[in-house]
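Only one structure is covered here, and it is reproduced in the block below.
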Amino acid sequence: MKRAIVIAGITAVALAPFAFNSQYLVNIAMLTALSAVMGQAWNIAGGFGQMTSFGHAAFFGVGAYTAAILQTRWGLSPWLGLPASFVTGGLLGGFIGILSFRAGLRGSYFALVTLAFAEVLRVLANSLDFTRGGLGINIPLKQGLANFQFHNRQSTYALVLLMLVLTTGVAMFIKRGRFGARLVAAGENEDAASALGVDLVRTKTIGLATSGAFTALAGVVYTQTYLYIDPSIAFGVERSIEMLLVAMIGGAGTIAGPILGAIALHAVAETSHFFIDAPGFAPLLYGATLLVIIGFLPRGIAGLGARWSRA
Amino acid sequence: MLEVRKLSKRFGGLQAVRDVDLDVAAGSITALIGPNGAGKTTTFAIIAGFIKPDDGRVRLAGQDVTGWRPDRIAAAGMARTFQITQPFAALTVAENIRVGSYLRCRSPAEAMRRARSIGEELGLGPQLDLAAGALTVAGRKRLEIARAFATLPKMLLLDEVMAGLNPTEINEIIGLIRSIRDRGVTILLIEHVMQAVAALSEHIFVLAEGAVIAQGSPQEIANAPAVIEAYLGKGAAERMQRHA
Amino acid sequence: MLEVRNLSAGYGPISVLEEISFSVGAGEIMAVLGANGAGKTTLNRVLSGLIKPRSGSVRFDDKDITNGAHDAIVQAGLIHVPEGRKIFPNLTVRDNLLLGAYLRGRAQRDATLEEVLATFPRLRERLGQLAGSMSGGEQQMLAIGRGLMAQPRMLILDEPSLGLSPLLTEELFALIARLNASGLTIMLVEQNVVQTLALATRAVVIEHGRVVLEGATADMEGDERLRAAYLGI
Amino acid sequence: MGEILAASLVNGLLTGGIYALVALGLTLIYGVLHIVNFAHGSLLMMAMFGTWLLAAQLGIDPYLALPLMTAVMFAVGWSLYRFVIGRISRGDDRAILLATLGVAVVLDNLALVLFTGNTRQIETPWTFAVLEVGPLLISVPKLISFGVALILAALLWSFMARTDMGRAIRAVAREPEGARLMGIRPDRIFALAYGIGTALLGAAACLLLPIFYVSPGVGSVFVLVAFTIVVLGGMGSFPGALVGGLLIGMTESVGGLVLGESLGPISISLVFIATLLLRPTGLFRGAR
């Protein structure tokens, strides 16, 4: 019964934007869902496996550029961008993972190395002709389903929602399965996990690759929605931080966390305009929220929810 | 079952383990004892693959496992517990044990069934669905053993599973270790609680300053002058004799 | 000088000390004996204010220090030389010694340093050397020397002979006797039972966090209960 | 080509002095608290805005503001650790990491709200002064900043080596329990170390302002560089930070020369990644 109410509630919230008249509101809903996708993807590495990445923009950016280059250079259908980015994001995750975990990096060192990888990619994207350097890539406007460009935001929202359902489903599947249990074990305590037969490098690398692959999908949607990508949008620190904040504030390691975190973050962003309408004020509040969460709610909003449901 | 030859390890200026030979017969309970700083835990860590030895060999059931990674050694059939218990705090007790079960079992449902049955058997039944962090010390020690046992090992290394327990709890753990042995698992344990060592083990190795100084049955060990000296200090054996 | 009454302590769910009581008189060497895991180190950590007890009381020099902060206890003159020495390996011998007098101000520091170096001539030769590069025996000397720099009224020595050769152990015990003869009260926590009993005036034996034996050391030697507390067989 | 390379090396070396100063603070905080301080760049940015305000609003020369800014930033760092980072992280590694990140996000965006995203600069009489040494033209403010940075590093060194507080900081870094038994309170030492690390940023800001711009994002320009230096020199190593600073200054300068302006910055990140992966203990293994 309780479960049915929760499911009905979630469905209602998720479907509400289709009834909105205002494109502005639908756009917010779409961005929230996109943040949730990225947060959920970050969560697979940072939440389950406690690989606190500060450079997940690397995956987002690689996804965005893969899709953009495929269609502007080789004229391939943008729909192909989804699987292609999924693969490049996954490969990059595998590459970073193998290098880092073989070298035994974890904690702050891992955070630093991911940050540096994102920075390397940003500099490369900024200076190579292949990516059109600092100019960025414009996707020619050609609306239509076949071209993955929609003239109303509802359609984009529908796609992102589908992606969120998919990512969340995968996260749930991982969490409940053998791989997820071993990933969580490796994240919690490396010695204990390896004593129980968990291959740390392999488990964590697959975790990071999966996380990277789904993060890259978000990059494709971003490109197709805004029809433009440049090095700082794609690989900037802000992007990495956004994903981390969404997952940490909502509750890292939980399934509902990234979704709750995305809603909380965008709610803060939208209401903050009414108080101080200056660039920077909303992210300022995000940072403050993160501090409050670390200090008082280490398990995030989802942890709070768990406490209420038990009470 | 386990054969250790000439095992040595230096840390900087300290010779932590020196030419250690150990033999553990299949199906036996064998103890490794010695005063503080004797190198017992380091020896364990080398056998289980957590530290690479400078020299020497480790054979498990005839297979040379020297220098293998811990997870490969676990897969080869040797599991260990930790002196300082290391539960996965985000998981329940049953989920903790299931991480061990997953080594030999791919299906989540089957792994959970096995984990719960091992948990029940080792006296964790009422706590199976609690967060692992909420266990008492005795509970954590049981969880350590249950998790290792769930990997279906041929051989189990127990590192001070009785430290910090009261006498009643110690007696329960003794029974539990015996029952695991009766299921065909060979056991090597490090222990400070001597009553337990005497009651449990068939063979004892005594380590002092990184080297094996004596070995034998509990009776032989209790009366070996070298052991009394290692524990009570120089000249102790002689004085004990005098007073006796 | 030190009065411990019904002291209980532990970590999280673990109870280590249960209702321990004993006292150390001014000018004596009191030995605390017991096997590994009996609770000796926890006792020392409570006495020096590193962890808070669950219940019971500790009085030092007739002042209640039960819940005192560790720096206040050092200030009062109860100095703990810990197991494993805990010297500062990245500092020179000289800097280690000077930090011993951290709360004592500079006024008498140089004079105290001279006294300590007179007691440990070997440290004088090594003043500029990094403490971490010294041998185990020298590090133990340094740990005690550092404790003396704090001008202690009572010294708690936790397993000072751990890892030392028999010869060095004898040297160390002779030194402890000299320090005591110069008027310092000492609580000696040791595994090295025989030599400790020969040195100390009184002893308590702890087993599973409880006092099982207390009295003059002369009566204890050869006591089966003592042997049982260590070997258990 | 030889002359250009020499000029580039000298220029990089001089810039490296300031880098070293920034990295010294970071390595001090890491060495004592064992935390990676992600707020370091943002605190530098904050100090630079402070210096800029003093110069632009009150007409105080950045070099004269140095003692004041150093003191102010010490207070800022000390309070930040005492009341925010230390308090909310409760010693948990991941919490500390995220707490310093949270502080960075707050500070960067606070600056954005207060000052907008524009870059600002001040012009001092010596901003463009140069000194001719043989064929080389050396920027006077860079030379000054290099000299002052070295002096401050020497001062810090002798503070750490000669004073009770310095000894206590080094003691707590390696053996906190032993330190407590001497009556030292590690919590106070932690705040002190964080304060000193931040104070160095106050000085660095004053040295930077005559030659560099300030904007809310300026911290991120320095933060990766500082991390690279600290990792290269060995986390927690003082000589490592100093030598690493100079090396990285030159690497960056020569990298820019060889690879061009847009690709140049990659040299820093690559050095950083390579060090972490291949030699995480840095060049000065175990040095302190």
Side-chain angles (χ1 to χ4, degrees), chain A residues 43-52 98 101-104 171-207 247-248 251-257 298-300 302-303 306-307 309-310, chain B residues 44-45 47-51 68-92 94-112 115 131-133 140 143-144 146-153 156-159:
Chain A
N43 194 33
I44 293 172
F48 298 169
Q50 302 222 13
M51 299 171 256
T52 319
I98 273 205
F101 303 134
R102 281 196 156 201
M172 236 178 221
F173 177 76
I174 290 178
K175 190 166 180 172
R176 290 188 182 164
R178 177 174 187 261
F179 174 71
R182 301 179 121 208
L183 185 61
V184 170
E188 284 248 336
N189 188 321
E190 296 203 345
D191 279 353
S194 64
L196 298 175
V198 177
D199 181 339
L200 297 175
V201 173
R202 188 184 144 94
T203 306
K204 289 167 72 175
T205 300
I206 295 176
M248 289 305 306
T254 65
I255 297 292
R299 288 166 58 219
R307 219 184 285 171
S309 73
R310 246 181 282 129
Chain B
F44 249 41
I47 295 175
F50 285 84
I51 298 176
W68 285 19
R69 278 198 324 262
D71 56 287
R72 285 188 67 199
I73 290 183
M78 181 153 60
R80 74 166 290 188
T81 66
F82 292 88
Q83 186 178 341
I84 297 161
T85 56
Q86 323 244 357
F88 305 121
L91 303 179
T92 66
E95 286 168 341
N96 263 269
I97 305 173
R98 185 170 63 168
V99 175
S101 304
Y102 272 134
L103 181 62
R104 313 273 176 216
C105 167
R106 303 199 73 86
S107 142
E110 171 61 16
M112 187 45 105
R140 283 174 188 227
L143 176 56
E144 279 281 322
R147 228 166 42 177
F149 186 48
T151 65
L152 304 182
L156 197 51
L157 306 178
L158 303 176
D159 193 351

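Below, chain A is the first sequence line, B the second, and so on; all start at residue 1.
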Flag the one option from B/Ala75, B/Gly49, B/Ala90 with the top tally of heavy-atom pairs under 4.5 Å to chain A. B/Ala90

Most heavy-atom pairs under 4.5 angstrom with chain B, which of A/Ala181, A/Gly253, A/Ala195, A/Gly187? A/Ala195

Pull out the residues in residues 44-52 of chain A that come under 4.5 Å of chain B, heavy atom to heavy atom, sorted by number. none

Drop me the distance from B/Leu103's CG to A/Arg178's CZ, to the nearest 0.5 angstrom. 7.5 Å

Heavy-atom distance under 4.5 Å to chain A: side chain of B/Pro153, backbone, both or neither? neither

Chain A contact via B/Phe82 - side chain, backbone, both or neither, heavy atoms under 4.5 Å: side chain

When rounded to the nearest 0.5 angstrom, what is the spacing between CG in B/Asp71 and CZ in A/Arg182? 8.0 Å

Pairs of heavy atoms under 4.5 Å with chain A: top-ranked of B/Ala89, B/Ala76, B/Gly100: B/Ala89

Hey, does the side chain of B/Gln86 reach the backbone of A/Asp191 with a donor-acceptor pair shorter than 3.5 angstrom? no

For B/Arg69, is it the side chain, the backbone, both or neither that has a heavy atom under 4.5 Å from a heavy atom of chain A? side chain

Who pairs with B/Pro70 by side chain to side chain contact (heavy atoms under 4.5 Å, CB included), at least two apart in sequence or on another chain? A/Ser194, B/Phe50

Identify the two heavy atoms, one from B/Pro108 and one from A/Gly177, that lie closest to each other, and give their separation to 0.1 Å. CG-CA, 4.0 Å

Of the backbone (N, CA, C, O) and the side chain (C-beta and beyond), which part of B/Arg72 lies under 4.5 Å from a heavy atom of chain A, both, or neither? neither

Quick check on the interface: out of A/Leu200, A/Val184, A/Asn189, who has the most heavy-atom pairs with chain B under 4.5 Å? A/Asn189

